[in-house]
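All remarks here apply to the structure that follows.
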Number of protein chains: 2
Amino acid sequence: MNKDNIIHSQIQPLLDYFQKVIPLNNEEKKLVTEFFKPRLYRKKQYVLQEGDVCNQFNFIVRGCLRMYKVDDKGNTHILQFAAENWWLSNIGSFHEHKPSELNIDALEDTMVLQISHDNLLTLYTNAPKFDRIFRVLIENSFVSLQKRLLQNISSTAEERYVSFLDSYSHLTNRLPQTQIASFLGITPEFLSRLRNKQSKKS
Amino acid sequence: MNKDNIIHSQIQPLLDYFQKVIPLNNEEKKLVTEFFKPRLYRKKQYVLQEGDVCNQFNFIVRGCLRMYKVDDKGNTHILQFAAENWWLSNIGSFHEHKPSELNIDALEDTMVLQISHDNLLTLYTNAPKFDRIFRVLIENSFVSLQKRLLQNISSTAEERYVSFLDSYSHLTNRLPQTQIASFLGITPEFLSRLRNKQSKKS
DNA sequence: AACTGCATCAAGAAATAGCATTGATGTAGA
DNA sequence: TCTACATCAATGCTATTTCTTGATGCAGTT
């Protein structure tokens with residue numbers, strides 16, 4: 001399998017993704033294939049490190065990433081997980097070219113397709129359809145973020161955990177519980193006790 | 001410990017290294033401290049990934065890196081290990097700004113001091129002494145590379161292994177044997193048999 | 001004052017991943 | 001046919017990561 005084949009084989013999930021939002025013509029497919037570059041991140045590797053500017057918009061082909069903040073005490077707080085067919089970037093840092101306060105790293109070996117800031121602008125110019133596609137994409141992210149915030153300020157850890165199980169059922173068996181705890185904003189120990197309680201219920 | 005202290009504490013081994021080649025004056029030490037940035041790579045993390053341009057020259061403060069090529073069959077061939085007080089970069093990619101065919105990654109958590117291509121040029125301009133220092137450095141690398149090549153085309157695996165033990169005695173206990181095998185160009189199984197044979201001899 | 005919902009610390013147990021070894025078998029070249 | 005290696009599969013070992021549990025504490029209700 002030569003390099004072109006490798007790229008081609010990775011790009012398909014992204015084309016499929018776009019296709020579902022709005023069908024693409026061949027010219028547009030070509031642009032996508034040109035501008036998005038596959039890249040492999042290995043488990044624990046940083047995709048974006050605090051202090052660096054986020055210069056790539058990432059689409060996950062396979063694997064799983066997390067975006068998180070490390071607070072003054074050294075505790076990590078996970079804002080978002082992203083697995084197959086999801087997008088992940090620090091949008092603030094990406095658009096304003098500012099150093100990121102957040103980190104992104106790989107929880108598994110992860111293949112992403114990335115487009116640089118410049119190429120994304122070129123893509124918008126050459127194929128305005130992508131303006132809409134990316135608007136939809138951001139809107140979706142926004143909605144789920146809002147939902148999560150609302151839940152965070154209104155629920156107990158147990159409720160949040162149950163709801164997590166519901167929303168992320170495809171991830172619960174893939175993620176270590178330390179990561180889930182960090183996402184829920186509780187300690188791994190307390191999560192362990194919640195789980196214990198849950199399993200006794202049923 | 002604030003950031004300046006961290007940098008300062010990491011830079012000393014590099015100053016010592018230079019000092020051994022040619023003594024530096026304070027101005028030159030200041031330049032080194034300014035231009036070389038410490039960076040931590042975690043085990044398995046890429047320092048340089050195939051396809052990217054090598055834009056940093058790396059000095060290893062602690063830990064261990066490897067540089068290798070992945071062939072068409074997916075086998076990896078290690079060109080070089082580098083531990084404390086060694087340098088490692090893809091010099092070809094670095095100087096010609098060309099995408100690298102080689103990968104560099106960390107076999108242990110590794111602290112490096114890196115200087116960017118631009119800053120290295122500035123350093124040469126501001127302190128021509130570094131022209132000489134880096135010439136010496138490259139010459140040394142060249143010589144050991146030549147030695148290794150010669151050995152490769154003229155020795156059996158067993159001879160190469162014995163010679164490896166001799167040259168890299170400080171590393172043999174730190175490196176997994178899979179890595180040593182990949183460096184020697186044999187399979188881990190065959191290395192295991194060689195070792196077995198060796199230990200029966202003595 | 002007692003109870004609920006969480007945190008922290010320490011210790012172990014359990015699960016997984018990575019590594020080393022061995023046996024069986026194969027092959028190319030001297 | 002012998003030497004110097006490779007490949008594949010199985011197994012055991014070790015180290016690392018993850019999960020669980022107990023003990024203790026504390027802030028905010030009730």
Side-chain angles (χ1 to χ4, degrees), chain A residues 42-45 63-64 66 68 70-78 81 105-110 151-165 171-201, chain B residues 42-45 63-64 66 68 70-78 81 105-110 151-165 171-201:
Chain A
R42 291 197 288 196
K43 196 172 170 177
K44 293 205 175 172
Q45 190 176 353
C64 186
R66 83 223 246 243
Y68 61 98
V70 178
D71 70 18
D72 303 338
K73 285 189 194 164
N75 296 320
T76 81
H77 305 277
I78 297 179
F81 295 118
D105 67 12
L107 292 173
E108 305 171 357
D109 290 355
T110 301
Q151 202 170 52
N152 237 274
I153 58 182
S154 68
S155 315
T156 66
E158 186 166 10
E159 287 165 330
R160 277 178 273 145
Y161 175 59
V162 170
S163 151
F164 174 85
L165 289 182
L171 283 183
T172 47
N173 293 322
R174 252 167 96 175
L175 296 171
Q177 286 171 211
T178 42
Q179 302 304 321
I180 296 177
S182 164
F183 180 89
L184 295 174
I186 56 176
T187 58
E189 293 94 329
F190 191 63
L191 177 55
S192 173
R193 290 177 235 266
L194 287 181
R195 283 164 58 80
N196 205 324
K197 202 171 145 194
Q198 289 285 325
S199 66
K200 272 173 196 157
K201 266 192 194 170
Chain B
R42 290 191 287 190
K43 194 173 170 175
K44 291 205 174 173
Q45 191 175 352
C64 186
R66 83 222 246 243
Y68 61 99
V70 178
D71 71 17
D72 301 339
K73 286 190 194 162
N75 296 320
T76 80
H77 306 277
I78 297 179
F81 295 117
D105 68 12
L107 293 173
E108 305 171 357
D109 291 355
T110 301
Q151 202 170 53
N152 236 275
I153 58 182
S154 67
S155 315
T156 66
E158 186 165 11
E159 288 165 328
R160 278 178 274 145
Y161 176 59
V162 170
S163 152
F164 175 86
L165 288 182
L171 283 182
T172 47
N173 292 323
R174 253 166 96 175
L175 296 172
Q177 286 170 212
T178 41
Q179 302 305 320
I180 296 177
S182 164
F183 180 89
L184 296 174
I186 56 177
T187 58
E189 293 94 330
F190 191 62
L191 177 55
S192 174
R193 290 177 235 267
L194 287 182
R195 283 164 58 81
N196 206 325
K197 202 171 145 194
Q198 288 285 326
S199 66
K200 271 174 196 155
K201 267 192 194 168

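Just so you know, these numbers come straight off a predicted model, no measurement behind them. Residue numbers begin at 1 in each chain, while the letters A, B, ... track the order of the sequences.
If you take CZ of B:F190 and C1' of C:dG23, they are 15 Å apart, rounded to a whole angstrom. The interatomic distance linking A:E189 (CD) with C:dG12 (C1') rounds to 13 Å, in whole Å. B:R195 has its CZ atom 14 Å from the P atom of C:dC19, to the nearest Å. Taking atom CD of residue B:Q177 and atom P of nucleotide D:dC13, one finds them 17 Å apart after rounding to whole Å. Taking atom CG of residue B:D109 and atom C1' of nucleotide D:dT16, one finds them 13 Å apart after rounding to whole Å. Atom P of nucleotide D:dT18 and atom CG of A:N173 are separated by 15 Å, given to the nearest angstrom. Across the protein-nucleic acid pair, A:N75 atom CG and C:dC9 atom C1' stand 14 Å apart, rounded to whole Å. Here D:dT16 presents its C1' atom at 11 Å from NZ of B:K44, a figure rounded to the nearest Å.
Shortest non-hydrogen contact noted between A:T178 and A:P188 is CG2-CG, 4.0 Å.
Counting only heavy atoms from C-beta on, B:T187 has its side chain closest to D:dT7 among D:dC19, D:dT7, D:dC5. For B:R193, the listed nucleotide lying nearest its side chain is C:dG23; candidates were C:dA20, C:dG23, C:dA7. Taking only side-chain atoms of A:S192, from C-beta outward, the nucleotide of C:dT21, D:dT21, C:dG18 with the closest atom is D:dT21. The listed nucleotides are C:dT22, C:dG5, D:dC5; the one nearest the side chain of B:N196 is C:dT22.
One side chain, A:E158 or A:Q198, offers a donor N or O that lies under 3.5 Å from an acceptor on the other.
By the 4.5 Å heavy-atom criterion applied to side chains, B:F164 and B:L175 are counted as neighbours.
To the nearest 0.5 Å, the span separating CG on A:L194 from NZ on A:K197 amounts to 6.5 Å.
Taking the nucleotide of DNA chain D with the nearest heavy atom to each of A:L191 and B:I186, the more 5' of the two is matched to B:I186. Nearest-nucleotide mapping onto DNA chain C: of A:R160 and A:K43, the residue sitting toward the 5' end is A:R160.
A side chain to side chain contact (heavy atoms under 4.5 Å, CB included) with A:L107 is found for one member of A:Q179, A:R174, A:K44, A:K43 and no other, namely A:Q179.
Here A:T178 lies in heavy-atom contact (under 4.0 Å) with sugar-phosphate atoms only.
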